[in-house]
Protein chains: 2
Amino acid sequence: MLNQRAPLDRVFRALADPTRRVMVDRLSRGPASVSELAQPLAMSLPAVIQHLQVLEESGLVRSEKAGRVRTCHIEPAALRRAGQWIALRRASWERRLDRLGDYLEEDEPSNQRRRS
Amino acid sequence: MLNQRAPLDRVFRALADPTRRVMVDRLSRGPASVSELAQPLAMSLPAVIQHLQVLEESGLVRSEKAGRVRTCHIEPAALRRAGQWIALRRASWERRLDRLGDYLEEDEPSNQRRRS
DNA sequence: GTTATAGTTAAGCATATGCTTAACCAACGC
DNA sequence: GCGTTGGTTAAGCATATGCTTAACTATAAC
């Protein structure tokens with residue numbers, strides 16, 4: 001069971017590293033083996049596997065072993081939660097702008113509501 | 001000038017800490033002084049200021065000093081870039097599902113396109 | 001059975017991080 | 001001018017992180 005204690009900590013921390021973002025980007029286009037993930041990266045294989053472990057602990061990636069090959073898949077739910085956290089903060093910020101706009105409109109009817 | 005070299009590194013790293021997410025959440029509802037940001041946090045003032053520095057380096061937050069009070073504001077552009085990075089990867093994943101769906105539909109016309 | 005391949009684990013190292021306390025500075029209020 | 005308030009900086013500490021190499025294991029190919 002995914003650690004529920006600090007999932008967003010782990011997700012954002014996982015994405016804080018450029019190597020892991022490359023891996024997430026690759027897996028968003030389809031599953032890949034560890035060797036395939038490692039191929040474009042200029043680092044040792046154990047280093048890639050360490051990054052993979054961080055991604056699995058964060059819930060962004062899932063993997064299974066078949067024979068000697070471990071295949072990795074994206075787990076979109078964790079990406080969605082991070083995206084939702086950001087979207088909610090942006091919505092909060094924009095709601096505050098709307099309230100400012102409403103306030104200004106009491107005095108300046110020509111003022112238009114702003115959207116970003 | 002904001003460091004352009006690794007902006008997403010810094011943004012995701014900034015968001016990887018629960019204290020900083022609390023600060024970003026608070027600022028998404030409107031500006032706040034350093035003391036206001038520190039008030040709900042169980043840590044020393046210099047620690048809060050260190051977190052603030054990480055948020056400013058990431059571009060998520062901007063602050064200015066007036067007299068002895070430093071007021072902090074959210075900077076939505078950096079949040080938007082992080083949100084966009086996530087949205088593009090989710091779109092990539094979903095595009096791949098669509099192609100799988102198209103492929104399956106060649107044999108099974110009753111199969112319906114799936115959306116998440 | 002041997003060799004090659006895919007991957008794993010452990011130990012070590014350098015660097016980064018997150019917090020503390022102490023000391024300090026600038027501005028406000030009285 | 002003094003005390004209070006808001007904030008800053010530096011140093012130190014414990015822990016976390018990201019990479020390496022070496023050694024190893026399991027599986028597949030021959």
Side-chain angles (χ1 to χ4, degrees), chain A residues 3 5-27 30-73 78 82, chain B residues 3 5-27 30-73 78 82:
Chain A
N3 186 332
R5 183 168 53 78
L8 280 175
D9 287 9
R10 292 169 178 268
V11 168
F12 283 122
R13 188 198 135 217
L15 295 175
D17 184 89
T19 296
R20 292 195 290 272
R21 288 201 305 279
V22 164
M23 293 165 74
V24 167
D25 181 57
R26 170 62 184 83
L27 290 174
S33 69
V34 172
S35 301
E36 286 168 335
L37 286 176
Q39 202 272 326
L41 299 173
M43 66 177 58
S44 66
L45 191 55
V48 175
I49 286 169
Q50 284 164 14
H51 282 297
L52 195 51
Q53 282 166 344
V54 173
L55 288 170
E56 287 193 273
E57 284 162 8
S58 75
L60 286 160
V61 160
R62 161 180 65 83
S63 71
E64 84 262 345
K65 193 84 170 277
R68 66 187 179 189
V69 174
R70 176 173 294 279
T71 305
C72 310
H73 310 256
Chain B
N3 186 330
R5 183 167 54 79
L8 280 175
D9 288 8
R10 293 168 177 270
V11 168
F12 283 123
R13 186 199 137 217
L15 295 175
D17 183 90
T19 297
R20 292 196 289 272
R21 287 201 305 279
V22 164
M23 292 166 74
V24 167
D25 181 58
R26 169 66 184 81
L27 292 173
S33 69
V34 172
S35 301
E36 285 169 336
L37 287 176
Q39 203 270 327
L41 301 173
M43 65 178 59
S44 65
L45 191 56
V48 175
I49 286 170
Q50 282 164 15
H51 282 298
L52 194 50
Q53 281 165 346
V54 172
L55 288 169
E56 286 192 275
E57 283 162 8
S58 76
L60 286 160
V61 159
R62 162 181 64 84
S63 72
E64 85 261 346
K65 193 85 171 277
R68 64 188 178 185
V69 175
R70 176 173 294 279
T71 305
C72 311
H73 310 256

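Atom set for the values below is all heavy atoms of this structure, side chains included, hydrogens, waters and symmetry mates excluded. Here is the naming used below: chain letters follow the sequence lines, and residue numbers restart at 1 for every chain.
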Which is true for E36(B) with a 4.0 Å heavy-atom rule: it touches a base, it touches only sugar-phosphate, or it touches nothing? nothing
M23(B) versus L41(B): any side-chain heavy-atom pair under 4.5 Å? yes
Provide, to the nearest angstrom, the distance between the CD atom belonging to E64(A) and the C1' atom belonging to dA26(D). 17 Å
Pull out every protein N or O sitting under 3.5 Å from an N or O of nucleotides 21-27 of chain C, one pair per line with the distance.
| from | atom 1 | to | atom 2 | distance (Å) |
| --- | --- | --- | --- | --- |
| dA27(C) | N3 | R68(B) | NH1 | 3.1 |

Quick one: does L15(A)'s side chain get under 4.5 Å of R20(A)'s, heavy atoms only? no
Measure from the side chain of R20(A), starting at C-beta and using heavy atoms only, and say which of dG18(D), dG18(C), dT8(D) lies closest. dG18(D)
Q39(B) side chain vs E36(B) backbone, donor-acceptor pair below 3.5 Å: no
Does some side-chain heavy atom of V54(B) sit less than 4.5 Å from a side-chain heavy atom of D17(B)? no
Judged by each residue's nearest nucleotide on DNA chain D, which is more toward the 5′ side, S33(B) or H51(A)? S33(B)
Between dT9(D), dG6(D), dT17(D), spot the one nearest the side chain of V69(B), thanks. dG6(D)
Summary of salt bridge (Lys or Arg N to Asp or Glu O under 4.0 Å) pairs that have at least one residue in residues 58-71 of chain B, sequence neighbours excluded: R62(B)-E64(B), R62(B)-E75(B)
Residue closer to the 5' end of DNA chain D, V54(A) versus V34(B) (nearest nucleotide): V34(B)
Given dG18(C), dC19(D), dT8(D), identify the nucleotide with an atom nearest to the side chain of I49(B). dT8(D)
Partners passing side-chain hydrogen bond (donor to acceptor under 3.5 Å, both in side chains) against R13(A) (at least two apart in sequence or in another chain): none
Where the side chain of R13(B) is concerned, which of dT17(D), dG18(C), dT8(D) is the nearest nucleotide? dG18(C)
